[in-house]
Each structure stands twice: as structure tokens, then as C-alpha cells.
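Below: one structure, written as C-alpha cells.
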Amino acid sequence: MGRARWYEIALVPLCLLLIVNLGLTQNCGQRKVVNFLIVNGSEAKDGHWPWHAAIFHKTALTFDYVCGGTILNQNTILTAAHCVMTFEGIIQPESLVVHLGRHRLRIATMRTQQHEVLELIVHPEYNSNGVRHNIALVELATDITYTDYIQPVCLWNRGEDQKTIVGSWGTVVGFGIDETDTPSDTLREATIPVVSPITCIESDPVYASVLTSDMFCAGNANGISACNQDSGGGIFFKYNDVWYIRGVVSFTRPRQGTLICDPNVYTVFTDVAKYLKWIEQPVGLKRLTA
């Protein structure tokens, strides 16, 4: 991916619908493994986040972890647009590979699946020089085989009004930079509250210049935060024991004089609820009911 831009983030330890009508049967957003957690977060339990995907950039000799993503159906991963783009344009699909079922970043197990990429679908209004419409879909070349450790999440279905989630606590997961400023080898999780746009804007002038109604802020602003290398991962909310994705990790402000995130400021998420029609159109044209 080259040198990180200031808004590329990961998780500081704290990275579809399978049927046409979810009202009839619920086959997404449910954990199959029962286990009793990013900077200052907790280690996630193996199998707790079966919809999390790890996106790698591959070269002739190496695989470099670049971003997180979320399984929507057997062929589609949701991520951030900047995870699959450079200033020159969209990355060649053959340069990416997606790993599923990973609990350790550097160690694959029999539970891990690796998938090549067939197509990258970036929101048409995204500009690599900015942060608006920072959302993309990764279509896989082969079908995902669902297991207890690999499952799809549910798309948000509770309306677009951001006021309804202000004060709610969602969970972000990923392999991003930890308190040692290096990527975490184990998947981590952190539960953080959504804050109002006014709270976010008043906290830092950076947000005043870039925050739009298609984004929302979350965090404690207390050292538990999202950070470099796990942009594209989701923030998940649970209702009636079913998990839904409401946001995609997009950007935050770096520490002064660095390109590494400041865990004491809010993280900005692309609001998935504002992009449902765009998400469902290409997914629906593929194998929405697979």
C-alpha cells in the first residue's frame, strides 16, 4: 500500500444477507463458538468475531497485512476504499488476498481460509485525496465456506438516524498497532461509545473540516482507540443476540509529528446505514442469496 496516509487507521489494542428476507430467517450476525478483548483493549476470544477479515497485499515474495474487512456474504467483504486504492487508482485485484478465520496475524491454522480477489468495487464518489465515501466491496474469486469460525455479519437494518446510536456502545476488532506502536499478533477488541457530531467537532478542529453526515465518531478519547493498519474493519452492535455492522473504520487524527494515530481522540467511521442501497446493489447482482 506504500506509505500510510494520515487518516489510515487500524485498531490500537486496543481489524449478505444470506437470504432475501432476514425477517423470515436469521442466518447472519450470530456467533457459533461460545467463549466466556486494541491501545488498552483486550484480546478477542477465538471465534468471537467470525465475520472479521484480514486483507493482505501480496508481492512476489511477501504478504503484508494492510487492513481489516467484514464478511457480508459468501463472496463479498466490506472494507474502506483507501484499503484498496493508491493515489494512482484502484489496486489490481491479483495484488490482494483475503484471510478469514484468523485469530493470530502471523500464524495460520486449519480454521483459516485464504481467498483470491476477483473484483474491487470502490464507491464512485470516493477520492483518494479525501475521506468522504470511504467504503468499498471486495468480491472474492471463490466462495467462502462457512464454519463455526467464519460467518457473515448482518447489515444494519435499524434506520439511518444517527441520534439513535449516540451513547450506544459498539465493538471494533482488529490486528492494528498496539501500545508498543507495532501491529498486534492477536485479534483484539474494544467496546467504545458513539458520540454526537457536535461532541466530535468540538473536540478537535480537524473533524470540523472533514466530518459529514455520512460519517460518525466513536471512542472514549482516553487511550482506547482505533489506529493504523486496521482501517476497513467494522464497528458492531448487538440486538437480540444478533450482531450488525453500522460503521467502517475510516480515519482519525495522528499524533503530532507522526503518522501514527492518537488514541486520545475520536475515531471516525463511514456510516454503513447511509450506503445500504449502494452495498446491496452490487451484492444483489452477484450471489446475495448464496
If you compare all heavy atoms of [X] against all heavy atoms of [Y], which two are closest, and at what distance to 0.1 Å?
X    : Y    : answer
S250 : S231 : O-OG, 4.2 Å
A218 : V194 : CB-CA, 3.9 Å
I279 : L155 : CG2-CD1, 4.0 Å
P50  : D148 : CB-O, 4.2 Å
I91  : L120 : O-CD1, 3.2 Å
C154 : V242 : SG-CG1, 3.7 Å

First locate atom [atom1] of [X], then atom [atom2] of [Y], and finally report the distance between them rounded to the nearest 0.5 Å.
X    : Y    : atom1 : atom2 : answer
W51  : Q151 : CH2   : CD    : 8.0 Å
T70  : L78  : OG1   : CG    : 6.0 Å
D204 : L211 : CG    : CG    : 11.5 Å
I201 : C217 : CD1   : SG    : 7.5 Å
N73  : I144 : CG    : CD1   : 7.0 Å
E119 : E139 : CD    : CD    : 5.5 Å

Which residues pass the side-chain contact (heavy atoms from CB on, under 4.5 Å) test with T212, sequence neighbours left out?
R132, D214, M215

Name all residues meeting the ring pair (Phe, Tyr, Trp, His ring centres under 6.0 Å) criterion together with W169; count only those two or more places apart in sequence or in a different chain, and write none if there are none.
none

Is the centre of the F63 ring less than 6.0 Å from the centre of the H57 ring?
no

Given the side-chain rings of W156 and Y239, with only the six-membered ring counted for Trp, is the space between their centroids under 6.0 Å?
yes

Check: [Y] and [X] side chains under 4.5 Å, non-hydrogen atoms:
X    : Y    : value
Y266 : S203 : yes
I121 : T76  : no
F269 : V248 : no
L105 : T186 : no
Y244 : N157 : yes

If we ignore hydrogens and angles and just use 3.5 Å, is the side chain of D271 paired with the main-chain N or O of F216 as donor and acceptor?
no

Flag this pair as yes if the NZ/CZ of R111 is under 6.0 angstrom from the six-membered ring centre of Y149 and inside a 45 degree cone about the axis; otherwise no.
yes

Answer yes or no on whether R31 is positioned over the face of W49, meaning its NZ or CZ is under 6.0 Å from the six-membered ring centre and within 45° of the axis.
yes

Give a yes or no on whether a salt bridge exists between R246 and E160, defined as a side-chain N under 4.0 angstrom from a carboxylate O.
no

Pairs involving residues 90-101, ordered by first then second residue, that meet side chain to side chain donor-acceptor pair (under 3.5 Å) (sequence neighbours left out):
H99-R102, H99-Q114

